[in-house]
Amino acid sequence: MAAYGRGSLVSARDEVLRRVREATASATATPPARESREPRPGDVDRFAERVADYKAVVERCGPDEVEARIAAALDGAVAVVPDGLGYAVPGSVPDDGLSATDLDGIDAVVTLARVGVAETGTIVLDHGPGQGRRALSLVPDLHVCVVRADQVVADVPDAVASLDPARPLTWISGPSATSDIELDRVEGVHGPRTLHVLVVG
Amino acid sequence: MTGATFVGMPAFPEAARAALADSQLRHNLAHATGTIRGKRARVVGELDDWEELRTRAAGVKDAALADLETHLLTLEERLTAAGATVHWARDAAEASAVVAQVARAHEVDEVVKVKSMATVEIGLNEALAAEGIAAWETDLAELIVQLGDDLPSHILVPAIHRNRAEIRQIFVDKMAAAGRPAPDDLTEVPSELANAARLHLREKFLRAKVGVSGANFAVAETGTLVVVESEGNGRMCLTLPEVLVSVVGIEKVVPTWAELDTFLQVLPRSSTGERMNPYTSTWSGVTPGDGPQEVHVVLVDNGRTRALADEVGRQALRCIRCSACLNVCPVYERTGGHAYGSVYPGPIGAILNPLLKGVGVDEQVDSLPYASSLCGACYEVCPVKIDIPSVLVDLRAQVVDAHRGGRPSVEAAAMKGAGQTFASSRRLGLAQRLTGLGTGLARRLGLAPAWSSARDLPTAPPESFRAWWRRTDGGRS
């Protein structure tokens, strides 16, 4: 991109790469060996406990109870729902290309997830079917997230191993929070201030 | 609003003296660092393989740095294949110019920013302001610093030097001039302050066309950037704008996706003392129909290759900016971050600044390797095992070497004199007889005040060991 350079004869790219090459001429290091692993199933009780530690709401339920639990969690709030959710949500708004401002006027969102992490109480969305584009689970103030028990893996390496980095990923551990005032955690800043997780099965 | 600057800061000892006199600052710091130390210790203690994780994290970074050219070329190729535009910048001015050019191309007069150390390091906000473009900080602590026309003093929590009452006052006084005013009935309860930031920034997120971020990690094999955050301001900036520019130091490279897992374990526990931070976003170039459809990545050197060429100091480039070393440092806890005169304060700043900028040029930078008691607490907590004390000692030697030639210092003259004295038994005996007289004189005349103002000058014994040995035949008579 010559347009961004300073008009010198050597491009910034070539010069940075040359400096890197010279600086590392004598450097050697072997990456630590690692065995490839199959993601291990996680302890669902531990997952639920650790999600709750972040002051999220966590409920366990059977597959036939999910729609009733979603309705109860919404408690009359209007929710946007992505394609492929697979559950009926009364009074919901479909995501037909809503703008950020439109989303800001909607109370809640209901999504599925891709993976749950037992050790850290984390939910990962890869924004595939039933999860919606990234803005959907961000702008509304209440996020109801349905995680199947068989989606819970043991720990962070298991989660990384089961995810596709070509997709955008959002790792969610509790509601939006900050530690910026006296380094103490306070819930409720820009992301959803309420995270309601339904663990199914 | 961008008047505050580290340029022209005095050397560490002078800046530290002023900071130590500020009792409010010392109280705020002791409270905040004490809180975070306890939280970190709890969540680190939960993992029985913590030491193994540290070793692995250090090993991954070392391997990435040793073969950095290969990984950078892979990263560039993967990013480009995923629809991103890759730019390279030798220094701060080039990096800022890229961001400004992208903003100008979209005819915007504002951008929203995710908290990013690299963009503060390159002075991006000031560079954009000079072009008439407002850069809105959206991280709560960065917002506090920006509204207060203040300087950052901590890597993770740049406003750590402010307590809740001070933050409330800044919001009440300054929010109106930058957009939506603070609520009339705002109190100093932290949840209310967080809500005030939510309300103030929401309109900026919704209308922003261009977002600017850094990256905690850049995965070469997949062209994936990673932003680790808490508040959701990062997700807003990474997701809602049409255009995203990410400013990434070349040392942020992690070679493979699988290797990222170690860092996602050690960073949140070391940083905010949590099992996991509330939000981590990863993205690889452009995702059709989701998020920014124009994605730029600026790979920045700005001194990193200088640090990389330093065989002892290159380990500082493993740093993942967690700030655990600041929170445990007895010097940082008392002086705060401003005394270090840089966006990178604390133990890591004391090595990173001289490594990035070079020694022997600026007195302030040269003073930093001495801003430590070498107690080693920083090394013990570092999640990528940077041996900060060893690098500090090596940099002290480099500073001394850089100042060789010219008029010798008092210390150098004293050491030379001592060397001559100890080399001769006759001279040593003479010196010992004169010591009692000498220390008394030194005290009375106020010699060597820099040394004796903070230390007691010991009283010399009335008789030296050698004189006693001669007089008593080794205690036999």
Side-chain angles (χ1 to χ4, degrees), chain A residues 1 3-4 6 11-13 15-17 19-24 26-32 34 36 50 54 100-101 104 119-122 127 133-135 138 156-157 160-161 165-191, chain B residues 31-32 35-36 56 59-60 62-63 66 68-69 87-90 94 97-98 101 140-141 157 159 163-164 167 190-191 193-194 197-198 206 219 222 224 230-233 235-236 239-240 257-258 260-261 264-265 272 275-284 287 289-291 301 305 308-309:
Chain A
M1 272 253 151
Y4 292 105
R6 277 178 181 162
S11 74
R13 178 181 186 275
E15 188 167 340
V16 172
L17 288 172
R19 291 178 189 170
V20 168
R21 194 158 50 241
E22 287 174 9
T24 54
S26 64
T28 53
T30 317
R34 52 184 308 141
S36 64
R50 297 210 159 168
Y54 296 119
T101 307
D104 193 41
E119 178 162 44
T120 59
T122 303
H127 305 282
R133 59 202 167 97
R134 285 173 285 172
L138 171 63
V156 170
V160 169
R167 303 196 59 85
L169 302 174
T170 305
W171 299 55
I172 298 173
S173 305
S176 146
T178 181
S179 300
D180 281 358
I181 301 165
E182 301 174 7
L183 272 174
D184 228 348
R185 181 167 163 137
V186 184
E187 282 72 23
V189 201
H190 303 294
Chain B
H31 173 68
T35 304
I36 197 70
R56 178 175 289 279
V60 170
D62 274 349
L68 188 58
E69 187 189 13
H87 311 264
W88 298 75
R90 279 168 279 219
E94 278 187 354
V98 174
Q101 185 134 349
L140 179 53
V157 186
N163 63 27
R164 58 188 74 187
I167 294 167
S191 58
L193 295 171
R198 177 185 171 94
L206 294 178
V219 181
T222 57
T224 307
S230 294
E231 297 167 14
N233 64 306
R235 293 176 66 191
M236 292 279 178
T239 309
L240 299 186
W257 172 252
L260 188 64
D261 63 5
L264 294 182
Q265 293 174 86
T272 47
R275 293 184 184 121
M276 189 57 88
N277 50 291
Y279 300 130
T280 295
S281 298
T282 79
W283 73 100
S284 306
T287 307
D290 186 350
D301 180 348
T305 48
L308 191 59

When you compare the side chain of [Y] with that of [X], does any pair of heavy atoms fall below 4.5 Å?
| X | Y | result |
| --- | --- | --- |
| Asn233(B) | Val189(A) | no |
| Val219(B) | Pro165(A) | no |
| Thr287(B) | Arg167(A) | no |
| Pro278(B) | Glu187(A) | no |
| Asp301(B) | Glu15(A) | no |
| Ile167(B) | Glu182(A) | no |
| Arg34(A) | Asp261(B) | yes |

Report task. Working to the nearest 0.5 Å, report the span between CG of Asp62(B) and OG1 of Thr28(A). Result -> 10.0 Å

Query raised in the report: Can you tell me how far CZ of Arg235(B) sits from NE2 of His190(A), rounded to the nearest 0.5 angstrom?
Result: 12.5 Å

Below 4.5 Å from any heavy atom of chain A, which atoms of [X] appear? Answer side chain, backbone, both or neither.
| X | value |
| --- | --- |
| Ser281(B) | both |
| Thr282(B) | both |
| Leu308(B) | both |
| Leu68(B) | both |
| Ser191(B) | both |
| Ala258(B) | both |
| Thr305(B) | both |

Shorter than 4.5 Å, heavy atoms on both sides: which option in [options] has the most such pairs with chain B?
| options | answer |
| --- | --- |
| Ala161(A), Gly174(A), Pro31(A) | Pro31(A) |
| Ala166(A), Gly121(A), Ala100(A), Ala29(A) | Ala29(A) |
| Ile181(A), Val160(A), Asp180(A), Val186(A) | Asp180(A) |
| Thr24(A), Thr170(A), Leu138(A) | Leu138(A) |

Report summary line: Closest heavy-atom pair, Gln265(B) versus Pro157(A), reported as atoms and distance to 0.1 Å, is NE2-CG, 3.4 Å

Report task. Looking only at non-hydrogen atoms, find the nearest pair between Met276(B) and Tyr54(A) and report the distance. Result -> N-OH, 3.3 Å

Heavy-atom cut-off 4.5 Å, strictly under: side chain, backbone, both or neither for [X] against chain B?
| X | result |
| --- | --- |
| Thr101(A) | both |
| Glu22(A) | neither |
| Thr30(A) | backbone |
| Ala177(A) | both |

Query raised in the report: When you look at Arg198(B) and Thr178(A), which way does the side chain to side chain contact (heavy atoms under 4.5 Å, CB included) test go after all the steps?
Result: CA-CA 11 Å; Arg198(B) 177 185 171 94; Thr178(A) 181; over 6 Å; no

**Report entry** Closest-packed option against chain A by number of heavy-atom pairs under 4.5 Å, given Pro190(B), Gly291(B), Ala194(B), Gly232(B)
**Finding:** Pro190(B)

Query - Ser179(A): partners by side-chain contact (heavy atoms from CB on, under 4.5 Å), with sequence neighbours left out - result: Leu183(A), Arg185(A), Lys39(B), Thr272(B)

Query - With sequence neighbours excluded, residues passing side-chain contact (heavy atoms from CB on, under 4.5 Å) with Glu69(B) - result: Leu17(A), Val20(A), Arg21(A), Leu73(B)

Query - Arg134(A) backbone acceptor or donor facing Asp290(B) side chain under 3.5 Å - result: yes

